[in-house]
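We're numbering straight along the sequence, starting at 1. As the structure lists them, so they are numbered: ligands from 1, and atoms in each ligand from 1.
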Amino acid sequence: MADCCLSELAEKIEAVVKEAGRILINAVRVEETVEEKSGRANFVTAYDKRVQDFLFQKLMKILPDAVFIGEEEEEHAALPEGYAFIIDPIDGTTNFMKGYCVSCISVGLLQAGKPVLGIVYNPYLDELFRAEKGKGAYCNGKAIHVSDHDLSEGLVLFGTAPYNEELSKRSFQCAYELFIRSLDVRRSGSAAIDLCNVACGRAELYFELLLSPWDYAAGSLILTEAGGRIVNTEGKEITFDEKNGVVAGNEKTIKVWQEIQKA
Ligand code: 2AM
Ligand code: CA
């Protein structure tokens, strides 16, 4: 797709995502609509489904040829050679359920299996992160960049993969090793928001040992377009057709992560 077409598309998608943000802000009696999915601490609310339906209706009008892959669908389509939306209608569902107000809508657009557009919108802060492949990353229209601080001057964000109990111990061990080498650790409950916070230099490293592509499709492009690096937990390129462990930061902080894994 030509650059101008992608930018025009991005404007339209951004407007849709912002409109969807109103559904989160106006949500009432969320806890009455909660259902448990498979695994521990894995929930869905009626609002996740409502936001996903809204995005499906609007996004497929904007780009009818694209395949739509949404977290709350019963079956997920395979990644095509052409365009695919990979969306998380609410990233940070447990926060949303609890009224903790740290959740976002994440929309990635992939072409031939790689992200070309990423939008992450946190309606509680009215912060919209956006990146187009090769064009840099922006927060509410302002260019953003990852921090170049060492880990010793940095904050570490991490997710605990709570739905996967066998990873819990290793998650906290990694967090401890990073905690003693950094200023402090934080745990937000939304992978997409964490990736954006690293992208804009509010934190220096993020990791979570298991995530699904909709958790990081948009955020990974925002991070790399902001000059950051993202790899899987084996240090290899992340993929978008299966679950991945994710590590994101600047070159220096990723190196510390890798040294800790070898020790
Ligand atoms: P969610 O809020 O959309 O469910 C929290 O640790 C992060 O992990 C969130 O981004 C959360 O996304 C994601 N997450 C929750 N359940 C998951 C699962 N079963 N597999 C992968 N990631 C999950
Ligand atoms: Ca979700």
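Salt bridge absent: Arg181 and Glu259 never bring a charged side-chain N and a carboxylate O closer than 4.0 Å.
Under the side-chain hydrogen bond (donor to acceptor under 3.5 Å, both in side chains) criterion, Gln57 pairs with no residue, sequence neighbours left out. The side-chain hydrogen bond (donor to acceptor under 3.5 Å, both in side chains) search around Ser220 returns none, not counting sequence neighbours.
In this structure, the ring of Phe240 has its center less than 6.0 angstrom from the ring center of Tyr216.
Looking only at N/O/S atoms, Glu71 comes nearest to the Ca ion (ligand 2) through OE1.
Using modelled atom types and a 3.5 Å distance limit, the side chains of Ser212 and Glu71 yield no donor-acceptor pair.
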For residues 105-116, which side-chain N or O atoms pair as donor and acceptor with protein atoms under 3.5 Å away, sequence neighbours left out?
{"unit_1": "Gln111", "atom_1": "NE2", "unit_2": "Tyr83", "atom_2": "OH", "d": "3.2"}
{"unit_1": "Lys114", "atom_1": "NZ", "unit_2": "Glu237", "atom_2": "OE2", "d": "3.2"}

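With the Ca ion (ligand 2) as the vertex, OD1 of Asp88 and O of Ile90 span 80° to the nearest 10°.
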I'd like the atom pairs linking ligand 1 to the protein - N or O on both sides, separation under 3.5 Å - with distances to 0.1 Å.
{"unit_1": "ligand 1", "atom_1": "2 (O)", "unit_2": "Gly92", "atom_2": "N", "d": "2.6"}
{"unit_1": "ligand 1", "atom_1": "2 (O)", "unit_2": "Thr93", "atom_2": "N", "d": "2.8"}
{"unit_1": "ligand 1", "atom_1": "3 (O)", "unit_2": "Glu71", "atom_2": "OE1", "d": "3.2"}
{"unit_1": "ligand 1", "atom_1": "3 (O)", "unit_2": "Asp88", "atom_2": "OD2", "d": "2.9"}
{"unit_1": "ligand 1", "atom_1": "3 (O)", "unit_2": "Ile90", "atom_2": "O", "d": "3.2"}
{"unit_1": "ligand 1", "atom_1": "3 (O)", "unit_2": "Asp91", "atom_2": "OD1", "d": "3.3"}
{"unit_1": "ligand 1", "atom_1": "6 (O)", "unit_2": "Arg187", "atom_2": "NH1", "d": "3.4"}
{"unit_1": "ligand 1", "atom_1": "6 (O)", "unit_2": "Arg187", "atom_2": "NH2", "d": "3.0"}
{"unit_1": "ligand 1", "atom_1": "6 (O)", "unit_2": "Glu208", "atom_2": "OE1", "d": "3.4"}
{"unit_1": "ligand 1", "atom_1": "6 (O)", "unit_2": "Glu208", "atom_2": "OE2", "d": "2.6"}
{"unit_1": "ligand 1", "atom_1": "10 (O)", "unit_2": "Asp91", "atom_2": "OD1", "d": "2.7"}
{"unit_1": "ligand 1", "atom_1": "10 (O)", "unit_2": "Asp91", "atom_2": "OD2", "d": "3.4"}
{"unit_1": "ligand 1", "atom_1": "10 (O)", "unit_2": "Ala191", "atom_2": "N", "d": "3.0"}
{"unit_1": "ligand 1", "atom_1": "12 (O)", "unit_2": "Asp91", "atom_2": "OD1", "d": "3.0"}
{"unit_1": "ligand 1", "atom_1": "12 (O)", "unit_2": "Asp215", "atom_2": "OD1", "d": "3.3"}
{"unit_1": "ligand 1", "atom_1": "19 (N)", "unit_2": "Asn42", "atom_2": "ND2", "d": "3.3"}
{"unit_1": "ligand 1", "atom_1": "20 (N)", "unit_2": "Lys243", "atom_2": "NZ", "d": "3.0"}
{"unit_1": "ligand 1", "atom_1": "22 (N)", "unit_2": "Tyr163", "atom_2": "OH", "d": "3.1"}
{"unit_1": "ligand 1", "atom_1": "22 (N)", "unit_2": "Asp215", "atom_2": "OD2", "d": "3.1"}

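Heavy-atom neighbours of Lys58 NZ from other residues, nucleotides or ligands within 6.0 Å: at or below the threshold of 12.
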